[in-house]
Amino acid sequence: MKLNLGCGGDRRDGWLNVDAWPGCAPDLVHDLEALPWPWADDTADEILMSHVLEHLGRDPAVYVGIVKEVHRVLRPGGLWTVTVPHPRHDFFLWDPTHVRPVTPEGLAMFDQRRNLEDRRRGAANSPLGLMHGVDFRIEAMTHDLDAAWQARLRAGTTTMAEVQAAARSQFNVIEQTTVRLRAMKPPRGA
């Protein structure tokens, strides 16, 4: 099973398209903040949340509950793909329904291997993976540049090093980020 959660108008063939708003004609109407979700443990091969996670979990306990549900529903080794607007882009800032920035660094806090390394180094990061019994590994991450920065790069008026430096301190450099995470958990009964 492949779940397209918060599908909106992005309905995909071969996926169970789920949204809280019936107006987008999802296969299933479900509020993703209503926990637990209606799927059994280890039943999804893949979960897609494209421009969804930043709308969910204004309360940190609900946000963590959503991450725990993703982990519960994914089979061992299942893939979770998250696409979100960059928190320093106007697309994130102007939507009043965005309740939190979602970053690769924040998602990496649910990686138990990283939690243990942070603990060993004495880092003050919250070991969310260990605290909540979930474990995700980031497999890939991409940043899509804002159209103006894409044009500058194509025209040769800026370099990738300059883009990367600007992205650390300026607004409207990175438009959106996509993170692919793998559910690390033993098979049932192992």
Side-chain angles (χ1 to χ4, degrees), residues 1-87 89 91-112 126-142 144 175-185 188:
M1 172 173 61
K2 294 171 26 171
L3 297 171
N4 180 12
L5 301 182
C7 65
D10 183 22
R11 295 179 42 83
R12 295 175 179 227
D13 291 336
W15 294 69
L16 180 62
N17 299 286
V18 180
D19 204 285
W21 184 50
C24 65
D27 301 318
L28 176 67
V29 174
H30 182 73
D31 177 357
L32 296 173
E33 290 186 328
L35 307 174
W37 290 346
W39 302 287
D41 297 356
D42 303 333
T43 54
D45 296 310
E46 192 169 348
I47 293 177
L48 172 64
M49 297 179 87
S50 181
H51 291 275
V52 176
L53 200 52
E54 69 275 12
H55 296 271
L56 302 174
R58 179 183 309 270
D59 177 333
V62 174
Y63 180 80
V64 169
I66 289 165
V67 174
K68 289 169 71 172
E69 281 299 281
V70 169
H71 193 264
R72 179 186 68 77
V73 171
L74 278 172
R75 66 168 175 77
L79 184 64
W80 181 25
T81 303
V82 176
T83 300
V84 290
H86 193 277
H89 195 279
F91 291 163
F92 176 77
L93 297 171
W94 69 30
D95 189 334
T97 67
H98 290 167
V99 299
R100 73 174 53 255
V102 178
T103 64
E105 295 80 6
L107 292 169
M109 295 175 82
F110 293 97
D111 179 337
Q112 291 185 13
S126 299
L128 297 177
L130 294 171
M131 291 169 63
H132 298 287
V134 300
D135 195 6
F136 286 103
R137 297 278 154 68
I138 293 179
E139 284 196 343
M141 175 181 54
T142 58
D144 295 333
E175 183 177 300
Q176 68 179 15
T177 300
T178 299
V179 183
R180 289 175 31 122
L181 304 104
R182 185 76 57 190
M184 309 304 293
K185 57 187 189 177
R188 270 255 179 244

Determine whether E139 and L79 make a side-chain contact, defined as any pair of heavy atoms from C-beta on separated by less than 4.5 Å. yes
What pair of heavy atoms forms the shortest contact from M141 to T177, and how long is it? CG-CG2, 4.1 Å
With a 3.5 Å distance limit and no angle check, can you tell me whether H71 reaches the backbone of D135 through a side-chain donor-acceptor pair? yes
Straight-line distance of T81 OG1 to R180 CZ, nearest 0.5 Å: 5.5 Å
Rounded distance [0.5 Å steps], CZ in R11 versus CG in D27: 4.5 Å
Just verifying a value: how many Å separate L16 CG and N4 CG, rounded to the nearest 0.5 Å? 8.5 Å
Determine, stepwise, if the pair L107 / W80 fulfils side-chain contact (heavy atoms from CB on, under 4.5 Å). CA-CA 11 Å; L107 292 169; W80 181 25; 4.1 Å; yes
dist R72:CZ -> W37:CH2 (nearest 0.5 Å) comes out at 8.5 Å
With sequence neighbours excluded, tell me which residues meet side chain to side chain donor-acceptor pair (under 3.5 Å) with H98. H55, D95
Please work out which of the three classes, parallel, tilted or perpendicular, describes the rings of H89 and F91, given edges at 30° and 60°. tilted
Return the set of residues passing salt bridge (charged side-chain N to carboxylate O under 4.0 Å, His left out) with D45 (not counting sequence neighbours), or none when no residue passes. R75
Shortest non-hydrogen contact from E33 toward G57: OE2-N, 2.6 Å
Give the C-alpha distance, both sets of side-chain angles, the deciding distance and a yes or no for side-chain contact (heavy atoms from CB on, under 4.5 Å) between L48 and K2. CA-CA 8 Å; L48 172 64; K2 294 171 26 171; over 6 Å; no
Atom of W21, atom of P26 and distance for their closest heavy-atom approach: O-CD, 3.7 Å
Which heavy-atom pair separates H86 from F92 by the least distance, and what is that distance? O-CB, 3.2 Å
Shortest non-hydrogen contact from P38 to L28? CG-CD2, 4.2 Å
Would you confirm whether D31, through its side chain, and A20, through its main-chain N or O, come within 3.5 Å as a donor-acceptor pair? no
What's the separation between atom OG in S50 and atom CD in Q176, rounded to the nearest 0.5 Å? 6.5 Å
Among L56, I47, I66, which residue satisfies the side-chain contact (heavy atoms from CB on, under 4.5 Å) criterion with L5? I47
Scanning both residues in full, the closest heavy-atom pair of C7 with C24 reads SG-SG, 4.4 Å
When rounded to the nearest 0.5 angstrom, what distance separates CZ in F110 from CG in L181? 10.5 Å
Set out, in order, the CA-CA distance, both residues' side-chain angles and the distance that settles side-chain contact (heavy atoms from CB on, under 4.5 Å) for H51 and D10, then state yes or no. CA-CA 10 Å; H51 291 275; D10 183 22; over 6 Å; no
Apply side-chain contact (heavy atoms from CB on, under 4.5 Å) to the pair Y63 and V102, showing each step before the final yes or no. CA-CA 11 Å; Y63 180 80; V102 178; 4.0 Å; yes
Under the 3.5 angstrom rule, does the side chain of K185 hit a backbone N or O of D42 as a donor-acceptor pair? no
